[in-house]
Structure formats: C-alpha cells, structure tokens
Colleague: 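Handing you this structure, nothing more for now.
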Amino acid sequence: MYLLHPKCRVRKEKFGLLFYDLRGPKLLFVETGDLLDPGFFQVGGASKDVFADKSHAERIRVERLLKSLVVKGFVREQSLC
Amino acid sequence: MSNRFVEQGLSSPVNLTWEVTLACNLRCHHCLSASGTPAPRELDTTEALQAVEQVYRAGVFQVNFGGGEPFLRPDFEVILDACHARRLMTCVSTNGTLIDRARVERLSRSHLVAIQVSLDGASEETCDAIRGAGTFRSATEALKMFADSQIPTSINTVLTSLNAAEIPALHELAARIGVSLRVSRFRPSGRGVTGWEWLRPSATQLLAFSAWLTSTAGVRTGDSFFSLTPQERQGLGLNLCGAAKLTCCLGPSGDLYPCAFLQRPEFWAGSLRNGTFQEIWDTSPIYASFRNLRIHSCESCQRFDQCHGGCPAVAYHLGRGVAGGDPECLVKCVTSIEAQTRTQA
C-alpha cells in the first residue's frame, strides 16, 4: 500500500494531482486527470484496489506513477502485513 | 514546464500569507507593512478560527504567518493549534523577542510548524541599525533555542544596502547556529517607502548577491510563492510571480489581497467578513486580473523565460504599474552599471 509521507500533502486539480512537500518546500504537478484520487494516499484509502476499474495501459501508468512518487519521497510504500 | 498548470488556475493557493496582526514591538526601517499598532478591527479569535476552517476546506497546504509580530496576539498559539489540528502546515515569521524555552517546546509538539527569525546583519551594529537596539542579540538567542529543537528554522534576512556585504557571513552564522538562511527582497512598501533610497541595494550589490546565490547551495530566497533555492526553482520550472496563482495574502482585518506587498485598496480582493475564502479565490476580479497579467514590455528580453517580468509589486511601488516590468531586474542592473561606467569614462 502507498501512503503519503507525513510531511507531504496532495489535492485534486483540473490537470490531476498536486503534491506539496514541506521539507523543500517542493511542489509536484502530476498530469493524471482522473486516474487517481487524493484519498488513495490517505490511511484507509490506500488499501482499496486502485486497479479494479483500470485498463491495462492505465494500470501500467499508475504503477509507474506510484514508483516515481516513492522515489521522489512524496509517498511511502508499506507492506500490508 | 509547471507554469502552464499554474496559469490554468489552481483550485486554491498552495500557501497563504496571513498577517495576523499589525501590532509589533519593533519599528524596523524596512517593514513592508509599517507595523506598530494593531490594525483597526483585527479579526478576533472566533473569526480567526473560522478563517482557519475556510482555508483548510479550500485545500490550502500551508499558512505562512507574519505581521506585525504574530506572538503579540495572545491567541496566536490557539490559531496555530487550529491549523495543526487540521494538518495544515505552518510557518511563522517572528522577530524572536517573545521566544522562550517553554514556547519552543509547545511549538515543537505539532511537528507541522517551521520558524523564520528575522536577522538583518551578521553583526550587531548592522542588524540593530535596521531593526533597533538589542535585536541582534534577541534574534540570535531565539535562533539558538529553535536550533536545539526539532523545528525547521531559518534566519530571514531582507537584502539591503547596509547588509549586502554581510550575506556570506550571515550564511556562516546560520551554519554555526544550526539553522538555514533565507534572503528576501527589499520592496518599497510600508516603512520601506521612506527607507527606500537609504536601504535599497545598489545594482552592483544585487548582481554580486545574484552571483553568490548561484554559487552557494542551500540558501533560499523569498519568492512570492514560497522560498526556493535557485536550483529548486529550476527543477520545478516555476519562475513566475505567484500572486493570486500560487499564493495570496490575508490581512489582519480579514481582507484578502494578491500578496503581502500589495495590501492597498486598489488590490482588495474581498473580505472574509463578507464572503468565504473559496468564493473570493474563485471570483475576485482582482485575482483574475493577476492571473491574466502579462508584462509585455519585458517579452522581448532574452531573460523573459527566466523571470516573466519579475515582481509586479516592486513595479507598482516604483510608479510603473503592476504590468510595468520589474525595474530592478538583473538585466536592468547590468544596463545601469554599464551606463554609469560610460558616464564616468
């Protein structure tokens, strides 16, 4: 599951998601359209199956995005067990 | 690259500058808001807490508190706590005179606050000449207390003719104390109008600072959207004035403006006493005009892609109008020095 870093925030914008990192401060504009909802990164939201209603191409895009967010420090990947 | 997302219009600002009071126990010569006595009808505690709720509901990420001296408000920590309860990040700009260990300990509990302590010289003589007697000592004492805590802390210095030569020493002082350095631009608003000719950095000083900043890692500058190092700014691709796009200003009496340097009737966007924060952000004609602001006189300049015309507030206060182009841009500094050299020759 993927959780927002405690020092980061995210919100929905017309273009997709806007991330904010207080530690920079740093902004990240992610052109995702409606692919992901900010709630996905909150406690409880991350356990939902984000891939359930996605096409194969969208799944690959989401996976890449999540990995990129982890590398950039906005999101933490946590084990479910 | 990120500019295009910003120019589409964000659903709310990334951060809000909130001048919670005009009350101040200092009389700094460069004060942007001419602080001293409280403003008429400042928001009371209930109204301030309602403002916090509205800002939170709008989706603002961070509130930057200034003034005045925020800690002169007896309810200021209550306002801060309300922000933190909603997971709003905060940054407080303080002169450091009202800081003690107990306050630092209380502030450190939220893990959501950052602190900027104003210090305008690496020497007591320089700082006190700008901010008043005893300010160097009180600010450095406060900085040391914050440095001992987990609170991210920086020195905030306004670049002036008096301290321009001391900026590298201030950087070293910050490192010795264990905090970072942020350098803000001096603008001719508030008491800065009367202090302008005395304190404005020369073209040579501005160019020297620019060169030093480029070659020095980790120093932040007080851009209108938030503080960024030159490297971070390049990485983001953001290089435009953020007023009414990424940020806005809430004055002590609940009035909204594009930025802290434009708190004048002609830039009034609305009042939280008459509308919600979200309504004003979405519908204010003055905010719309700033989102569509184009500095045509700068468009043919080779550096336009790097600055987009600079700071509209400086242009306004120096009589050019907000669309008049920043009269203190690096290109104009170079031109001015070349002209001086020709005259002397």
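By convention in this document, chain letters (A, B, ...) are assigned in the order of the sequence lines, proteins followed by strands, and residues within each chain are numbered from 1.
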Colleague: Do any of residues 282-291 of chain B come closer than 4.5 Å to chain A, heavy atom to heavy atom, and if so which ones, in number order?
Modeller: none
Colleague: Taking the side chain from R11(A) and the backbone from A58(B), do they hold a donor-acceptor pair closer than 3.5 Å?
Modeller: no
Colleague: Is it the case that more than 12 heavy atoms not belonging to F15(A) sit under 6.0 Å from its CZ atom?
Modeller: yes
Colleague: Hey, what do you get for CG (L4(A)) to CZ (R87(B)), rounding to the nearest 0.5 Å?
Modeller: 10.5 Å
Colleague: How would you list, by chain and number, every residue that makes a side-chain contact (heavy atoms from CB on, under 4.5 Å) with E279(B), sequence neighbours excluded?
Modeller: T276(B)
Colleague: Is it the case that over 12 heavy atoms from other parts of the model lie below 6.0 angstrom from the CZ atom of R64(A)?
Modeller: no
Colleague: Measure the spacing between NZ of K14(A) and CG of L10(B) and express it to the nearest 0.5 Å.
Modeller: 8.5 Å
Colleague: Would you find more than 12 non-hydrogen atoms of other residues, nucleotides or ligands less than 6.0 Å from R106(B) atom CZ?
Modeller: yes
Colleague: What heavy-atom pair brings R4(B) and E31(A) nearest, and what distance separates the two atoms?
Modeller: NH2-OE1, 3.1 Å
Colleague: Between atom CG of L27(A) and atom CG of N15(B), what is the distance when rounded to the nearest 0.5 Å?
Modeller: 8.5 Å
Colleague: Report which part of K12(A) has an atom under 4.5 Å of a heavy atom belonging to chain B: side chain, backbone, both, or neither.
Modeller: backbone
Colleague: Applying a criterion of heavy atom separation less than 4.5 Å, what residues of residues 146-159 of chain B form contacts with chain A?
Modeller: none
Colleague: Between chain A and each of S11(B), C91(B), G59(B), A114(B), count heavy-atom pairs under 4.5 Å; write down the option with the most.
Modeller: S11(B)
Colleague: Taking atom CG of N292(B) as the centre, report whether more than 12 heavy atoms of other residues, nucleotides or ligands fall under 6.0 Å from it.
Modeller: yes
Colleague: Indicate the ring-plane relationship of F61(B) and Y20(A), choosing parallel, tilted or perpendicular according to the 30° and 60° boundaries.
Modeller: parallel
Colleague: Holding to salt bridge (charged side-chain N to carboxylate O under 4.0 Å, His left out), I want the full list of residues that pass it with D81(B), two or more places apart in sequence or in another chain.
Modeller: none
Colleague: Between atom CZ of F5(B) and atom CG of L28(A), what is the distance when rounded to the nearest 0.5 Å?
Modeller: 9.5 Å
Colleague: Set out, in order, the CA-CA distance, both residues' side-chain angles and the distance that settles side-chain contact (heavy atoms from CB on, under 4.5 Å) for Q62(B) and R9(A), then state yes or no.
Modeller: CA-CA 10 Å; Q62(B) 181 167 330; R9(A) 300 288 181 270; over 6 Å; no
